[in-house]
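Note that the structure is predicted; figures quoted are calculated from it, not measured.
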Amino acid sequence: MTDSEIEITARLVHSLLQEQHPDLAELALREVAGGWDNQQWRLGDELAVRMPRTERAPDLQRKECRWLPVLAPRLPLPIPNPVRIGEPSARFPRPWTIMTWVPGEPLDHTSISRGDHAADTLAGFLRALHREAPAEAPPSSDRGAHPKKCTDGFDHLFHAVVPGSIADEVRAVWDDAVAAPEWEGPQVWVHGDLHPANVVVSDGTLSGVIDFGDMFAGDPAWDLAAAWVLLPAGAASRFFDAYAHADEATILRARGLAALKSLFLMLMGQNGDRGLPGGKPAWGPAGRAALDRVLRGRFLPMFHPGICG
């Protein structure tokens with residue numbers, strides 16, 4: 001998942017800043033734990049340096065630099081915004097970016113205590129984001145597909161982490177999603193990767209959204225899965241009331257995708273417990289809690305009063 005030939009150190013980042021952005025080079029620099037495609041360094045109080053460490057990361061950064069300035073003005077929560085571009089050089093052969101820092105604690109390191117407020121906040125954010133995208137917006141790929149095209153991935157995760165005691169319930173949620181009609185609305189902007197490490201929390205509620213590298217134009221169900229993946233138990237119904245634009249088929253797809261995302265978090269947690277590369281020990285409990293919320297939320301698609309066709 002990472003390019004072991006490139007060691008990204010504080011000395012390297014500082015030298016790049018001195019060469020290309022000397023007016024920022026004296027700001028305090030400290031590494032931020034986590035990150036998948038990018039290694040991140042806090043720069044002063046308001047900025048972050050994002051250094052790509054996978055083969056796909058530069059393209060994801062280019063996508064963010066192109067589209068985040070377009071999206072940010074209409075979104076009700078802070079998101080990262082590009083401030084400077086770092087050019088490839090002899091010291092580091094890939095482009096890199098300096099972004100605005102979104103303050104708050106990542107949800108995989110804290111919890112939401114104000115569930116109703118968080119549900120309203122997330123619904124308002126996604127209503128603002130889920131507007132029709134222009135023709136030149138990045139298309140969906142495997143991420144963004146109808147659940148029926150993700151069955152192999154689901155089966156792999158299912159067999160790896162699902163306890164036998166709930167296997168039938170989990171499978172039923174997925175089968176409902178696979179059987180649901182496809183998205184027939186306009187291609188809307190979708191974050192595409194809403195999970196606990198990609199949102200931040202302040203004062204017990206959601207206060208920012210980060211890491212838009214996987215954004216695309218497509219089916220909003222991929223983001224609506226966050227009703228179960230991010231929000232505490234009992235908040236999904238309020239979320240869908242506030243969002244107010246999800247029909248029954250979209251909620252069925254979203255709930256199945258929430259199960260898929262929950263299983264992925266559980267696998268990453270399992271890998272972390274085993275000390276495997278890329279493992280995230282904190283993600284295991286978050287994934288199991290999300291899966292429990294998915295299973296308790298099975299009434300929503302059929303009986304939820306806020307559904308509008």
Side-chain angles (χ1 to χ4, degrees), residues 1-110 125 128-129 138 189 191-203 206-215 278 280:
M1 289 180 288
T2 61
D3 187 339
S4 59
E5 296 180 0
I6 303 174
E7 184 180 6
I8 305 172
T9 64
R11 177 176 295 181
L12 171 63
V13 176
H14 186 254
S15 68
L16 291 172
L17 288 168
Q18 286 182 315
E19 285 182 355
Q20 300 189 29
H21 303 284
D23 59 314
L24 302 178
E26 299 309 313
L27 294 174
L29 187 69
R30 49 204 184 276
E31 188 173 3
V32 179
W36 195 278
D37 291 292
N38 300 288
Q39 187 168 337
Q40 186 164 242
W41 298 79
R42 184 91 179 261
L43 182 62
D45 292 329
E46 299 179 355
L47 301 174
V49 181
R50 301 184 74 208
M51 305 293 295
R53 60 181 180 183
T54 65
E55 289 295 331
R56 75 182 197 133
D59 286 340
L60 301 183
Q61 287 198 12
R62 291 187 191 98
K63 179 165 54 172
E64 288 183 311
C65 289
R66 168 66 179 88
W67 292 108
L68 291 185
V70 175
L71 296 176
R74 74 168 190 235
L75 298 177
L77 288 177
I79 67 171
N81 235 328
V83 174
R84 306 279 183 90
I85 303 296
E87 298 296 335
S89 66
R91 291 180 181 271
F92 190 74
R94 295 172 176 167
W96 47 281
T97 58
I98 300 174
M99 313 283 282
T100 54
W101 176 259
V102 179
E105 187 76 8
L107 182 55
D108 60 336
H109 287 86
T110 187
F125 178 84
L129 176 64
W189 281 111
H191 178 283
D193 197 24
L194 289 176
H195 62 71
N198 285 344
V199 297
V200 296
V201 171
S202 302
D203 299 322
L206 292 177
S207 58
V209 179
I210 60 177
D211 198 348
F212 282 72
D214 288 306
M215 64 181 165
K280 308 280 187 181

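- Across all non-hydrogen atoms, the minimal contact from Ser202 to Gly104 is OG-CA, 3.6 Å.
- Considering CD of Gln39 and CD1 of Ile8, their distance stands at 4.5 Å, rounded to 0.5 Å.
- For Asp193, the salt bridge (charged side-chain N to carboxylate O under 4.0 Å, His left out) partners are Arg143, not counting sequence neighbours.
- Across all their heavy atoms, Met215 and Leu71 have their closest contact at SD-CD1, 4.0 Å.
- Between Ile79 and Ile210 there is no side-chain heavy-atom pair separated by less than 4.5 Å.
- If you check the side chains of Thr100 and Asn81, you find no donor sitting under 3.5 Å from an acceptor.
- Scanning for side-chain contact (heavy atoms from CB on, under 4.5 Å) contacts around Leu77 gives Thr121, Phe125, Val209, with sequence neighbours left out.
- Annotation: side-chain contact (heavy atoms from CB on, under 4.5 Å) contacts of Arg30 (sequence neighbours excluded): Ala28, Arg42, Asp45.
- Separation of atoms NZ (Lys63) and CG (Asp214) is listed at 6.0 Å; rounding is to 0.5 Å.
- Put simply, the residue from Arg50, Arg56, Arg53 that forms a side chain to side chain donor-acceptor pair (under 3.5 Å) with Asp37 is Arg56.
- To the nearest 0.5 angstrom, Leu60 atom CG is 13.5 Å from Phe212 atom CZ.
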Steps toward side-chain contact (heavy atoms from CB on, under 4.5 Å) verdict (Val200, Leu107):
CA-CA 6 Å; Val200 296; Leu107 182 55; over 6 Å; no

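- Residue pairs that meet the salt bridge (charged side-chain N to carboxylate O under 4.0 Å, His left out) test with at least one member in residues 73-88, sequence neighbours left out, are Asp23-Arg84.
- Of all heavy-atom pairs spanning Glu64 and Pro69, the tightest one is O-CD, 3.7 Å.
- At least one side-chain heavy atom of Gln61 sits under 4.5 Å from a side-chain heavy atom of Pro52.
- Nearest heavy-atom pair, Arg94 versus Pro58, reported as atom, atom and distance to 0.1 Å: CD-CG, 4.1 Å.
- Considering CD of Glu105 and CG of Asp203, their distance stands at 12.5 Å, rounded to 0.5 Å.
- A salt bridge between Arg62 and Asp59 is present, with a side-chain N of the basic residue lying under 4.0 Å from a carboxylate O of the acidic one.
- For Trp101 against Ala48, the heavy-atom pair with the smallest separation is CE3-CB, 3.7 Å.
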Just do the side-chain contact (heavy atoms from CB on, under 4.5 Å) check on Met99 and Leu68 with the steps written out, would you?
CA-CA 10 Å; Met99 313 283 282; Leu68 291 185; 3.9 Å; yes

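- Annotation: side-chain contact (heavy atoms from CB on, under 4.5 Å) contacts of Arg91 (sequence neighbours excluded): Leu12, Ser15, Leu16, Glu19, Ser89.
- Between Pro80 and Asp211, the shortest heavy-atom distance links the atoms CG-N, 4.3 Å.
- The closest side-chain heavy-atom distance from Pro78 to Ser207 is not below 4.5 Å.
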Pair Ile98-Leu17, side-chain contact (heavy atoms from CB on, under 4.5 Å): steps then yes or no
CA-CA 10 Å; Ile98 300 174; Leu17 288 168; 3.8 Å; yes

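- Every ring-ring contact (aromatic ring centres under 6.0 Å, His included) that Trp67 has, sequence neighbours left out, goes to Trp189.
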